[in-house]
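Fair warning: this is a prediction, and the values are worked out from it, not measured in the lab.
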Amino acid sequence: MRYLMLVLSTPHDPDLRPEEAAAAPPIEEWVGRHYGSGAAVLGDRLRPVEDAVGVRVRGGKVLVTDGPFSETKETIAGFDVLEAPDLDTAIAIASEHPMAYGGAIALHPAWPLDLDGS
């Protein structure tokens, strides 16, 4: 099963402990282990929220808004697509990511579109 792993920046988290974040393994180690094993199949950092736009169609018109899409104290800093046999495995992979220590991780199971009816 595929999981979208959102890497979240949470600078205003009152439970954030800088010493834990500093003790996190380096991102290169996580990438080497999980991309090397095939458990992570796609990922990247994202540009700052100031570079993001929202897109909606209302009344037949395309509406584009600047910045974040919703009021939040977290921002999406990056993403990875994981291939894991179950949620427990995906959680184990996510828990090793450095941002699990210095931010947060959100896991979303993918629900593939069945466009061909098979």
* **Greater than 12 external heavy atoms within 6.0 Å of L46's CG** => yes
* To do: Give a yes or no on whether R17 atom CZ has more than 12 heavy-atom contacts from other residues, nucleotides or ligands under 6.0 Å away.
  =>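 No, not enclosed.
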* To do: Check step by step if side-chain contact (heavy atoms from CB on, under 4.5 Å) holds for V53 and T65.
  => CA-CA 5 Å; V53 297; T65 57; 6.0 Å; no
* Asked: Could you go step by step and tell me if V7 and I105 meet the side-chain contact (heavy atoms from CB on, under 4.5 Å) rule?
  -> CA-CA 5 Å; V7 178; I105 302 292; 4.1 Å; yes
Indicate the atoms forming the closest heavy-atom contact of [X] with [Y], along with that distance.
X	Y	answer
A39	I93	CB-CD1, 3.7 Å
Y101	P25	CE1-CD, 3.8 Å
P26	P98	C-CG, 3.9 Å
T10	G102	OG1-O, 4.3 Å
L6	F79	CD2-CB, 4.3 Å

From [X] [atom1] over to [Y] [atom2], what is the distance, rounded to the nearest 0.5 angstrom?
X	Y	atom1	atom2	value
R33	E28	CZ	CD	12.5 Å
M1	E83	CE	CD	9.5 Å
D66	D51	CG	CG	10.0 Å
I27	M99	CD1	CE	9.0 Å
L42	R2	CG	CZ	8.0 Å

* Asked: Going through the checks in order, is the side-chain contact (heavy atoms from CB on, under 4.5 Å) test met by V81 and Y3?
  -> CA-CA 6 Å; V81 176; Y3 294 86; over 6 Å; no
* Cluster question for you: counting only ILVMFWY and a side-chain heavy-atom cut-off of under 4.5 Å, with indirect links fine, are L63 and V57 together? -> no
* **ILVMFWY network linking V31 to M5, side-chain heavy atoms under 4.5 angstrom** => yes
* Kindly say whether L82 contributes a backbone atom to a donor-acceptor pair with the side chain of D80 at under 3.5 angstrom? => no
* Asked: Is the backbone N or O of A94 less than 3.5 Å from a side-chain atom of W30, with the two atoms forming a donor-acceptor pair by type?
  -> no
* To do: Would you mind reporting whether L8 and I76 have side-chain heavy atoms less than 4.5 Å apart?
  =>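 SC-SC contact between I76 and L8 confirmed.
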